[in-house]
Amino acid sequence: MPQTISQQLMFAQTLSAILETVINQFLGYNLHGIRALKPLSEKTLTIKLAELPFPLSFTVIDEKIYVSSNDAPNDCCLITSISSLIELKKEQQLTDLIKKDKLDIQGDLKVAQRFADIAQTLDIDWQSELAKRIGDIPAYKLGQLGRKLLKTLNFAGTKIQADASEWLIHQKRLIITAAEMSYFNHDVEDVEQQVSALSQRLDKLTKHISKLS
Amino acid sequence: MSSHDQNHPINNDTSDENTTHFGFQTVEKNEKESKVASVFHSVAQQYDVMNDLMSFGIHRLWKRFTIDASGVRPGNKVLDLAGGTGDLTAKFSKLVGREGKVILADINSSMLNVGRDKLRDLGLVQNIEYVQANAQYLPFEDNTFDIITIAFGLRNVTDKDMALRSMYRVLKPGGRLLVLEFSKPEHELVNKAYDFYSFNILPKIGELVAKDGDSYQYLAESIRMHPDQDTLKTMMDAAGFEQTGFKNLTGGVVALHKGYKF
């Protein structure tokens with residue numbers, strides 16, 4: 001079987017190496033330590049994403065997560081896509097995604113849930129981590145600058161969004177407001193009801209005419 | 001074409017029964033072992049740093065590819081032959097778990113010592129054993145291992161056919177051998193660039209970092225004299241391995257050969 005460029009350049013190995021380094025680095029910074037990994041010792045979660053031609057297996061060994069790109073035996077396997085994986089953040093989406101064939105779970109669901117719990121409970125004090133490397137004062141100043149920047153960006157984002165909707169709805173009238181949409185829906189429902197009533201009346205009249213003749 | 005190419009055509013096998021290659025030189029078979037040993041005694045302390053420098057860190061991906069392809073499972077018994085400073089052993093040791101075992105074997109005591117110190121410093125002590133062994137005469141019982149790997153080691157072995165037969169003997173039925181080794185780049189342009197790098201830059205890096213340009217000149221030469229992908233596959237078939245095949249990595253600069261014993 002001819003090898004693809006991605007195989008030759010070892011994209012799978014590069015991605016798994018990056019993920020392994022980043023995940024373990026983050027776990028090392030986690031304020032709750034690596035205790036969360038204990039119940040998952042020697043458990044493997046495999047994720048098969050539609051966008052990737054290879055699976056990603058996450059195995060917990062000795063308080064570290066090892067990532068491999070082979071189809072290792074696993075305790076739980078999720079077959080899904082990146083977009084569905086993001087949707088999975090909302091708990092109520094699980095059944096919906098399975099029903100829509102956007103997610104297939106094989107094996108012990110608890111293993112997947114525990115892996116997800118670890119990701120959700122990550123609590124990292126970035127400022128303190130930064131202080132260890134560049135000192136307290138520069139880290140504090142950088143933290144302050146970062147927060148200010150984030151606030152400004154958030155404000156700018158909200159403002160741009162508001163201005164853009166104003167321009168699109170009121171000035172250019174390219175899209176309609178939620179209220180207009182609701183009125184329209186209401187009118188459609190009215191027409192539907194009237195048509196249904198008319199249809200019933202016509203049925204009655206047809207039956208009546210056929211009796212007379 | 002570089003001067004090296006003019007004088008030493010790639011894989012031009014000029015050895016007879018009593019002689020073999022040491023880089024581009026033809027030497028007596030019993031002489032090669034000591035010559036290779038002196039190269040590795042010399043580079044052992046700087047081996048890891050040099051690997052990173054010479055391959056721009058890509059050797060880590062080649063080794064990761066090997067581990068992914070090995071299909072290692074908890075409880076497996078693995079022989080990391082010519083394991084040197086223990087990169088593969090470190091990862092295998094985690095993956096085979098407490099029930100499994102990894103044997104780090106190398107003919108060179110300096111490399112083995114560096115590997116043992118490194119792994120112990122990483123806290124890896126439970127399931128690793130260290131054996132100084134010649135790949136041609138493996139000191140293990142028949143049908144012992146689930147997996148044997150030899151990464152960047154086979155080209156330094158004096159009698160490769162004998163070593164492959166020895167590996168076949170100690171593999172369990174169902175076991176597999178993985179040979180990760182420098183090979184022949186698939187494209188002529190890559191080949192030319194690789195030649196230039198190997199013979200002009202590599203020895204200079206060796207001189208600067210490890211203060212030993214000659215050893216790195218030997219490494220470059222030994223790569224050129226190593227059998228190409230198809231030849232090595234044929235050698236594995238001849239040793240008894242089945243379902244043999246290879247995958248080229250980084251354009252064929254390195255190839256991973258795999259074969260099973262059934």
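Just so it is clear: chains get the letters A, B, ... in the order the sequence lines come, proteins before strands, and each one is counted from 1. Both backbone and side-chain heavy atoms feed into the values below; hydrogens, waters and symmetry mates do not.
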Q.
Looking at B:Phe196, I want to see if its CZ is surrounded by more than 12 non-hydrogen atoms of other residues, nucleotides or ligands under 6.0 Å.
A. no

Q: With a 4.5 angstrom heavy-atom cut-off, could you sort out which part of A:Ser16 is near chain B: side chain, backbone, both or neither?
A: both

Q | Residue part contacting chain A, namely of B:Arg73, when any heavy atom lies under 4.5 Å | A | side chain

Q. Is it true that atom CG of A:Leu145 has more than 12 heavy atoms of other residues, nucleotides or ligands lying nearer than 6.0 Å?
A. yes

**Q.** A:Ile137 atom CD1: more than 12 heavy-atom contacts under 6.0 Å
**A.** no

**Q.** Ion pair B:Lys91/A:Glu20, N-O distance below 4.0 Å
**A.** yes

Q.
Any non-hydrogen side-chain atom of B:Arg64 less than 4.5 Å from a side-chain atom of A:Thr14?
A. no

Q: Kindly check if the number of other-residue, nucleotide or ligand heavy atoms within 6.0 Å of CZ (A:Phe155) is above 12?
A: no

Q) Should we say atom NZ of A:Lys64 is surrounded by more than 12 heavy atoms from elsewhere, each under 6.0 Å from it? A) no

**Q.** Heavy-atom side-chain proximity of A:Met10 to B:Trp62 below 4.5 angstrom
**A.** yes

Q) Could you state the interatomic distance from CD1 (B:Ile58) to CD (A:Gln13), rounded to the nearest 0.5 Å? A) 12.5 Å

